[in-house]
Asks: 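To start, I am sharing the structure in question, which I have written as structure tokens.
By convention in this document, chain letters (A, B, ...) are assigned in the order of the sequence lines, proteins followed by strands, and residues within each chain are numbered from 1.
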Amino acid sequence: MSLTALLLAAALGVPFAMLVACLWRPLRDRMLDTLAFAPIPALVAAILGEYDLPLTVGISAAYRATLVLDAPGAVLLGVASLLWIAAGAYAAHYQRGQPNADRFVVCWLLALTGCLGVFIAGDMAVLYLLLATLTLGAAGLVFQDESAGARRAAAIYTGLALGGETLVLVAMVMLTQVMPDGSLLLRDAAAALPTAPQRDLIVALLIIGFGLKAGLVPLHVWMPLAHAAAPMPASAVLSGAVVKAGIIGLIRFLPVDAGLADWGQWLALAGMFTALYAVAIGITQSHPKVVLAYSSVSQMGFTAAVIGMGIAYADAGAPLAAAFYASHHILVKGAMFMLVGVVAASALSRLRWSLLLAIVLATGLGGLPLTGGALAKIAVKDALGDGWAATVAYVSAIGTTLLMLHFIRRVRANHATDAAAAADPGLKWPWLVTAFGSIVVPWALYMGLPMGTLTEILDPKVLWASLWPVLVGAGLAWVLARGSDHMPRIPAGDVAVVIEPMTVGAARVAALFERADRTLRGWAVAGVSLLALAALFGFTLVNR
Amino acid sequence: MNSATWYGLVGALLVGIGLYGLIVQPHALRKILAFNVLGSGVFVLAGVVARRGAAVGLPGDPVLQGLVITGLIVAFSATALAVALVLRLAASAGTVSLEAGRAAPEAPDATGAEQDARASGGT
Amino acid sequence: MTAGIGTPGGHWLVLALMVPVAGLLLAFVAGGRHAERIALAALPVGAIATVAVALQLIETRAALVYSLGNWAPPLGIVLRADGLSAVMMVTTLVVLIAVALFARADFATPAGVREARAPFAFWTLLLAVWAALLVVFLASDLFTLYVALELVAFAAVPLVSLDGRAETLQAALRYLLYALAGSVLYLLGAALIYGGYGTLDLTLLAARIRPEPVAIVAAALMTVGLLAKTALFPLHLWLPPAHAGAPAAASALLSGLVIKGSFFLAVRLWFDAMPAVMTPAAAQLLAALGAAAIFVGSTVALQQARLKLMIAYSTVAQIGYLFLMFPLIIGMPQALAAGALTGGMLQAISHATAKAAMFMAAGLIYAALGHDRVADLRGVARALPMTVAAFALGGISLIGLPPSGGFLAKWMLLSASLASAQWWWAVVLAVGGLLTAGYVFLVLARSLTSTEAPIELRAPVARSREAVVLALAMVSALIGLAAFAPLDPIQIGRPESFNASFNEPGRMQ
């Protein structure tokens, strides 16, 4: 067994083993403190694993489960495991003493296994299994507080996630119709897609299904609700790592060299629209977690747009660039959520340096020069090209800066009222490590991967192109701070308000069905049905 | 018409009466009787089939005779089981109807009684 | 009549059948508390025979045949076990073992009493259901199947009214009368078939049958009779009160196994006895009823206030799934039909195990709380974690999430429906899964909600019982791993073109 195979097995096996260990109460009670160690094998696998060397498990040619690593997957796997490690350490302190800690641990491990697994899944069945595991774990994490908001958020999340997964399942089965001989490999699926007779339907299903996971408007409605309702460490990983499952799905199934040019344009359009729409809604929100959730929606839309442009212009480097962009977001968003918890536990006087660091991160997301965010923006510049997408990208950078500075203002208002309060070091250290990581790790990746050269980055024109949107955004944020009272009140989840009326309609249909059922269960009606059905069958058997 | 056709019509008539009784009659005992009439009709029809398909020299196909005999036994056992249930139902509820509302529940099951009643359906 | 047509190893079929029958007779004669002991002793012995049959089948890749008295059909009666039978036999055994271990606490004869009615009845009827189902799975002619059908009904009806309450007696009576109506129609159909073709043996019939009026009328009558016994919408009137009113162990048997008996017969009828008669239109009608069952059953299940009624309506919905495979087999190419058949049978197996586990879990909850109102299940997960976990795993199989059997079945049915361009069944499968998720997660969310203080249990629940239920649920949740298996046991013993003959009558030899 090669080293890669061993690492891949461990990446998935260790969290799963810990999950199984939760069956025993004494182990379950101690599991909270070990959560940070679970993703370590995955991190090692991402760093040391070789690409395109699959690990297959199976006893016959009927079916073999496959795990495989490639460049975008490795980037996402590595950075996501970093976040999961930091968030695990954060959770160990945040959840200590809270009720239902054992349920939290089980759901955490479920979500972890699913999240890390989707980045290395090599065939459809494994991918679907891990998506389902991820959904179940994440739903449990959202439900953790059992408040009315958490219940509603969990119900909406589970319903939409399962719906999205069903669409992906149908698309996958449609792909198997045109794939060579019983193969379920994702690689074969992507190769078979361009020539499939129902290509457009399949692509539509995949975009809707994975777009739902990534948060493309209008399928984003669950994100503000779910990310705000979950406990802090869970929000960090949900917004940071879990939504990337949609991104990796789009990368895996939609090949760039397939001639899906119009679909690529549509995806890019939807992504850019999401990026701007989410900013517009986000600035009307006052709860810091909701603001962060909208920022995630916006960034995921942007990432999807990058993938879309890559597909539209057959840019082979687009998937890796998108993964790189997403990986920066993983760390920044995770750090920001952890910051919310730190601020809530500290007095304002102790937060000076943290808030300064947060401002650097926030503007970094918008593209402040020499931060990881700037690198991410430079990396996707080629994929976005020179046309409308590049222009909108500038607008998006302004919007992101605006939104993130709005967040900083809202979170600052959330500080602890007790002047002597200080956050537990167990909460502060993960926040600091993740924050610094979000600045340092992109640099390491940029140098390590074939992304670009140092001279490109330090070119003054490039530096100015990164800086001016940040300045404009900061200016707008200052304006917003002055006029924030005049902002319209939009409920979190914006479009989700249509869900309640739909539920009423559904309830009426359900009542109708119950009445029908009651009528049909009357003896006389059932007796006549018996005879009528016999006649009907006779009739259908005659007609050829 | 020959005897086979005549018996066939009689069988069909019995089946019809049996089905009518089974569906329409509210009293459980009448339903059981209707089932027996229905069964008899089917046996008559089986006999007709036996007559028409009889091998040379035999008055009727022995396989179908076996079928009818087994069917009679099955019908008898079924009737016995059904009558036993009816007796027990009459003893415990004082009424013999398949309509749920008419049966008084034995133990007050305030939470489940209405749901049970609705679920048990009508006659 | 030439010598018998048995295959080596055929005697295992007789043994497998004789064990529960002998046990049944012995239990009835010995009476009292011996019934339980005999039932528990018969299960391992029957297991040996069942496993032997399965192994023999896998080794020879052909059906096992045993001709009684060494007489060949049409004079003699043949016991035949192909892959379908073996798979159902093994499933029946697994569910029976779980139910038997679970029911020991509920149906133990009290100390100092020679015989108690309900325990004696339960253990005897358990053996009766087992014996009857084995006859259904092994018989190879329409008349033995009729007798088996009746045996199953007679064994199942008293299980409904074991506790003797008036509502359950009514439910049992309704079940009996409706099932009898169904079986009378079946008998009429069988008589007509014999009149038309001179044989009742499945293999011989398949060769002789033509799409003529007599065959059409017989097929329609027999199919509808079987649908009445399987409670396919809209003929499901008896199921909710019967399955919800029976004691938990009995409900597990009824929903898990008894329903599958008449369903299995429908499969035999359509694909083994009369494929030449069946038209794609009839198959579409059958699956349309199935789709209606899924939609109506799931929606009504969502609105139930009591857990057992919810699970019973879930059974009504899941029975609909079983019939979705019919239009994907009749008139379809061999490879596609084989996949659909495997998918449909996998659905049956995973439903059997999952539903039995869910009913038993509901029984444990009822025993612990004294009620089973869905609205008042708060705190149950903390008090009975294994039970709720079992319910969740069963639910996962019903929804169709991997690695459960329900997922594998859904995948295969989706494949077949998309390959045959009958995409509407794919929509039904997708929507059905979401509706199922609705009521499963409703119950789970309620029970996972924590209360300020741990809830008071009316009676303690033995860990061993919870473990049995959880084990069965885990089996159901892991059946999907069969995807790794090198061979598809369900296809063993299928005739060459088991579904392809409706266009050319008489082509099947």
Asks: Please state whether the side chain, the backbone, both or neither of C:Leu289 comes within less than 4.5 Å of a heavy atom of chain A.
Replies: side chain
Asks: Mind checking whether C:Phe484 and A:Tyr63 have parallel, tilted or perpendicular rings, split at 30° and 60°?
Replies: tilted
Asks: Indicate yes or no for a side-chain donor-acceptor contact from A:Glu514 to the backbone of C:Gln303 under 3.5 Å, with no hydrogens or angles considered.
Replies: no
Asks: Side chain from CB out, backbone as N, CA, C, O: work out which of these in C:Leu442 comes under 4.5 Å of a heavy atom of chain A, or both, or neither.
Replies: neither
Asks: Can you find a side-chain donor-acceptor pair between C:Ser450 and A:Glu146 that sits under 3.5 Å?
Replies: yes
Asks: For A:Arg151 and C:Thr449, indicate whether the former's side chain and the latter's backbone hold a donor-acceptor pair under 3.5 Å.
Replies: no
Asks: For C:Leu418, is there any backbone N or O sitting under 3.5 Å from a side-chain donor or acceptor partner on A:Gln177?
Replies: no
Asks: So for A:Ser529, is it side chain, backbone, both, or neither that comes closer than 4.5 Å to the heavy atoms of chain C?
Replies: both
Asks: Under the side-chain contact (heavy atoms from CB on, under 4.5 Å) criterion, do C:Arg382 and A:Asp102 qualify, and how do the steps go?
Replies: CA-CA 10 Å; C:Arg382 177 72 42 200; A:Asp102 49 356; 3.2 Å; yes
Asks: So which part of A:Leu184 gets closer than 4.5 Å to some heavy atom of chain C, the side chain, the backbone, both or neither?
Replies: side chain
Asks: Which answer fits A:Ala506, side chain, backbone, both or neither, if we ask what part of it has an atom under 4.5 Å from a heavy atom of chain C?
Replies: neither
Asks: Name the region of A:Phe143, side chain, backbone, both or neither, that has any atom closer than 4.5 Å to a heavy atom of chain C.
Replies: side chain
Asks: Check the pair C:Lys410, A:Leu169 against side-chain contact (heavy atoms from CB on, under 4.5 Å), reporting the backbone distance first and the verdict last.
Replies: CA-CA 10 Å; C:Lys410 189 150 97 171; A:Leu169 179 65; 3.8 Å; yes
Asks: Just so I understand: if I count every heavy-atom pair under 4.5 Å between each of A:Leu136, A:Leu23, A:Leu129, A:Thr166 and chain C, which residue has the most?
Replies: A:Leu129
Asks: With only heavy atoms counted, which part of A:Thr133 is less than 4.5 Å from chain C, the side chain, the backbone, both or neither?
Replies: neither
Asks: Evaluate the side-chain contact (heavy atoms from CB on, under 4.5 Å) criterion for residues A:Leu541 and C:Met278: first the C-alpha distance (whole Å), next the side-chain angles of each, then the deciding distance (0.1 Å), finally the verdict.
Replies: CA-CA 6 Å; A:Leu541 284 169; C:Met278 301 306 176; 3.8 Å; yes
Asks: For C:Leu434, is it the side chain, the backbone, both or neither that has a heavy atom under 4.5 Å from a heavy atom of chain A?
Replies: side chain
Asks: Tell me whether A:Thr540 contacts the main-chain N or O of C:Ala283 through its side chain, where contact means a donor paired with an acceptor under 3.5 Å.
Replies: no
